[in-house]
Amino acid sequence: MTQLSLKQFLLKSTAATLLTLASLSCFAADDSSIKMIDPSNFGIDQQEIDAIQTQMQAAVDGKHIAGALLMVGNNDGVGMLLTAGTQGPDDSTPIDEQTIFRIYSMTKPIVSVAAMSMVEDGLLRVEDPVGKYIPEFAELQVIDQETGEASPAQNVMTVEHLLTHKSGLIQAIFSPDSALGKMYQAQIPSDGSISALETAQRLGNLPLYFEPGTAWHYGHSTDVLGAVLEVAAGKPLDALLNERIFEPLGMDETTFYVPASKAARTAEPIHGEMADNTVVKPMLSAGGGLNSTTEDYARFANMLLNGGEYRGKRIIEEATLDLMSEKRIGSDVSREYFFYGNTGDWSMGFHLQPTTADANGPHNIGWRGIGGTLFVVDRENDFYMIYMEQKRGGPRGAPFDNNIAQRVVYEAIRN
């Protein structure tokens, strides 16, 4: 065989390298969850887009937020992707779909889907007592909110109660002045210094706010669910989510803690403080611990919109997703502590908010994070929406936020 000259070798190597890079580039583009399509596919016109962009920019200019992103898409592609501002008050990097956000309670639907996939596989049952997995929940007590005295619970707390927030568990931040809220403050660290299982064990030794199944209250239900999943699966929650959700969907930017090499991509708030998400701690919070990008979360939202499947990868059966989307706050369940009062409902892992003036539905599903994020999946109208910002508190009256984002998207689609 004739030996190649150095020049020929370099030319062939260069050509091969360019071909490889081109192939990688095409693969990366094809692999993205964001394929832009015309906004008219959603009934949105340029005038409406310009108006929304102006409102988003006004929130940035008014120093309410450093930056924000709004996306509307479906299985065909993304019809609207708007950004305004930067990743943080001292950061000139523009917000984009690769910016990392602390999604807080938008973690809950991901964990709930993982739980129901385990139900499908026979590793868990929704009617299982929580005490089957965490013995501290075997003999629960309920606190008398007037006297502070505790008495044995009459109902058994089940996995379904955790999924539906009817467990009787609360969270100190949502009930700081109650006797039980003060017990939580004393017993449950908020700094992530103990694991989810240790947190659940401590919660099991404290009384409940009410009898399981009798009322709705936001709190540590999903954190305890995460601990249950770890016991049932015999593996840590991050490994379980990687196996059941993130790897099949290609969500390789969604993690409990952000590698230091990606820290520069994390959005930071103007108002309020948020923990350093690069510092790894024992707690893997199923209730609010994940960080993600818009590009990543779009995969999860699209999967839900598509009945549990994304690009040939089935995460959950459509019948199971339908079950998860059913109303779970019946007439026998107190709405005293429900965020939306008599409006909407709660399912096994999602909010249910009516999409028309009819309170009975149809409903979208989704949830929001305390740091300003929101996602909505509307199967009736065939779209998902993701809104990302980072804010904890600050002045009222922002020209744009997650509530306004949802409203203007629906107005644009309907006009």
Side-chain angles (χ1 to χ4, degrees), residues 105-130 132-133 137 155-170 200 212-230 232-233 237 240-241 244-245 285-288 290 300-301 303-309 314-335 337-340 344-354 360-369 375-380 384:
S105 286
M106 279 167 54
T107 304
K108 289 179 172 72
I110 293 175
V111 172
S112 298
V113 169
M116 294 305 290
S117 77
M118 289 175 61
V119 170
E120 289 181 342
D121 290 345
L123 298 173
L124 189 71
R125 299 187 310 160
V126 294
E127 61 267 29
D128 281 344
V130 176
K132 175 181 176 180
Y133 303 95
F137 283 82
N155 298 344
V156 174
M157 185 195 297
T158 66
V159 170
E160 182 176 344
H161 291 144
L162 298 177
L163 283 160
T164 57
H165 288 268
K166 297 186 295 186
S167 63
L169 295 165
I170 61 168
T214 63
W216 186 99
H217 202 298
Y218 211 51
H220 282 293
S221 290
T222 314
D223 283 326
V224 174
L225 178 64
V228 167
L229 299 190
E230 289 187 328
L237 187 60
L240 187 151
L241 294 181
R244 292 183 171 270
I245 308 288
S285 172
L290 286 174
F300 181 72
M303 176 273 295
L304 295 175
L305 182 66
N306 203 40
E309 183 177 347
R314 179 156 291 283
I315 304 301
I316 196 168
E317 295 297 327
E318 187 164 8
T320 304
L321 184 56
D322 289 342
L323 180 67
M324 290 183 71
S325 304
E326 292 179 355
K327 298 178 182 180
R328 296 286 166 169
I329 308 180
S331 57
D332 57 336
V333 178
S334 170
R335 286 176 172 260
Y337 309 109
F338 187 51
F339 286 159
Y340 304 113
D345 215 286
W346 184 264
S347 66
M348 288 201 290
F350 311 105
H351 75 218
L352 296 177
Q353 288 297 290
N360 295 316
H363 299 81
N364 61 41
I365 63 173
W367 199 236
R368 64 190 63 217
F375 90 104
V376 164
V377 174
D378 188 333
R379 297 181 70 186
E380 179 80 13
Y384 66 82

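For the single chain, residues carry numbers from 1 onward in sequence order.
Judged by distance alone, the side chain of Glu120 and the main-chain N or O of Glu317 form a donor-acceptor pair under 3.5 Å. Proximity of a side-chain donor or acceptor of Arg328 to a complementary backbone N or O of His161 within less than 3.5 Å is not detected. Remark: side-chain polar atoms of Asp378 are not paired, donor with acceptor, to backbone N or O of Asn364 under 3.5 angstrom. Distance alone, capped at 3.5 Å, is enough to place a donor-acceptor pair between the Asn155 side chain and the Pro212 backbone. When atom types are taken as modelled, the side chain of Ser347 and the backbone of Met324 share a donor-acceptor pair closer than 3.5 angstrom. Glu230 contributes a side-chain N or O that, together with a main-chain N or O of Leu237, makes up a donor-acceptor pair within less than 3.5 Å.
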inquiry  = Let's go through Val224 and Met157 carefully: what are the C-alpha distance in whole Å and the side-chain angles of both, what is the deciding distance for side-chain contact (heavy atoms from CB on, under 4.5 Å) to 0.1 Å, and is it a yes or a no?
reply    = CA-CA 11 Å; Val224 174; Met157 185 195 297; 5.5 Å; no
ask   = Do Leu304 and Val113 pass the side-chain contact (heavy atoms from CB on, under 4.5 Å) test, and can you show the C-alpha distance, the side-chain angles, and the key distance before you say yes or no?
value = CA-CA 9 Å; Leu304 295 175; Val113 169; 4.1 Å; yes
task = Might you work through the side-chain contact (heavy atoms from CB on, under 4.5 Å) test for Phe350 and His363, ending with a clear yes or no?
result = CA-CA 11 Å; Phe350 311 105; His363 299 81; over 6 Å; no
inquiry  = Could you walk me through whether Leu321 and Arg379 satisfy the side-chain contact (heavy atoms from CB on, under 4.5 Å) test, starting with their C-alpha distance in whole Å, then the side-chain angles of each, then the deciding distance to 0.1 Å, before giving a yes or no?
reply    = CA-CA 12 Å; Leu321 184 56; Arg379 297 181 70 186; 3.9 Å; yes
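Looking at Ile170 and Tyr337, their side chains never come closer than 4.5 Å, going by heavy atoms from C-beta outward. With a 4.5 Å cut-off on side-chain heavy atoms, Thr222 and His165 count as touching. At a threshold of 4.5 Å between non-hydrogen side-chain atoms, the residues Val119 and Met116 count as touching. With a 4.5 Å cut-off on side-chain heavy atoms, Trp346 and Val333 do not count as touching. When side chains are defined from C-beta on, Glu318 counts as touching Asp322, because their heavy atoms get closer than 4.5 Å. You'll find the side chain of Leu352 reaches within 4.5 Å of the side chain of Ile365, heavy atoms only. Counting heavy atoms from C-beta outward, Met348 and Val159 have side chains that stay 4.5 Å or more apart. With contacts defined as side-chain heavy-atom distances shorter than 4.5 Å, the pair Asn360/Lys327 qualifies.
Heavy atoms only, all atoms of each residue included: Gly226 and Ala286 are closest at CA-CB, 3.7 Å. Nearest approach of Ala115 to Leu124, heavy atoms of both residues: O-CD2, 3.9 Å. Thr107 and Ser285 get closest at one heavy-atom pair: CG2-O, 3.7 Å. A pairwise comparison of heavy atoms in Pro109 and Ser105 identifies CD-O, 3.4 Å as the closest pair. Pairing each heavy atom of Phe137 with each of Ala200, the nearest pair is CE1-O, 3.1 Å. Across all non-hydrogen atoms, the minimal contact from Tyr133 to Leu123 is OH-O, 4.0 Å.
Rounded to the nearest 0.5 Å, atoms CG (Leu323) and CD1 (Ile316) are 9.0 Å apart. In this structure, NZ in Lys108 is found 11.0 Å from CG in Leu290, a value given to the nearest 0.5 Å. How far OG of Ser117 is from CG of Leu240: 7.0 Å, rounded to the nearest 0.5 Å. One finds the CZ atom of Phe300 at 5.0 Å from the CD1 atom of Ile110 (value rounded to the nearest 0.5 Å). For the atom pair CG (Asp128) and CD (Glu160), the distance works out to 11.5 Å, reported to the nearest 0.5 Å.
Note: Tyr340 and Trp367 have perpendicular aromatic rings, judged against thresholds of 30 and 60 degrees for the angle between ring planes.
Note: Trp216 and Phe339 meet the aromatic proximity criterion, with ring centroids under 6.0 Å apart.
Asp332 has no carboxylate O lying under 4.0 Å from a charged side-chain N of Lys166, or vice versa, which leaves the two without a salt bridge.
A side chain to side chain contact (heavy atoms under 4.5 Å, CB included) with Leu162 holds for exactly one of Val130, Asp223, Leu229, Val126; it is Val130.
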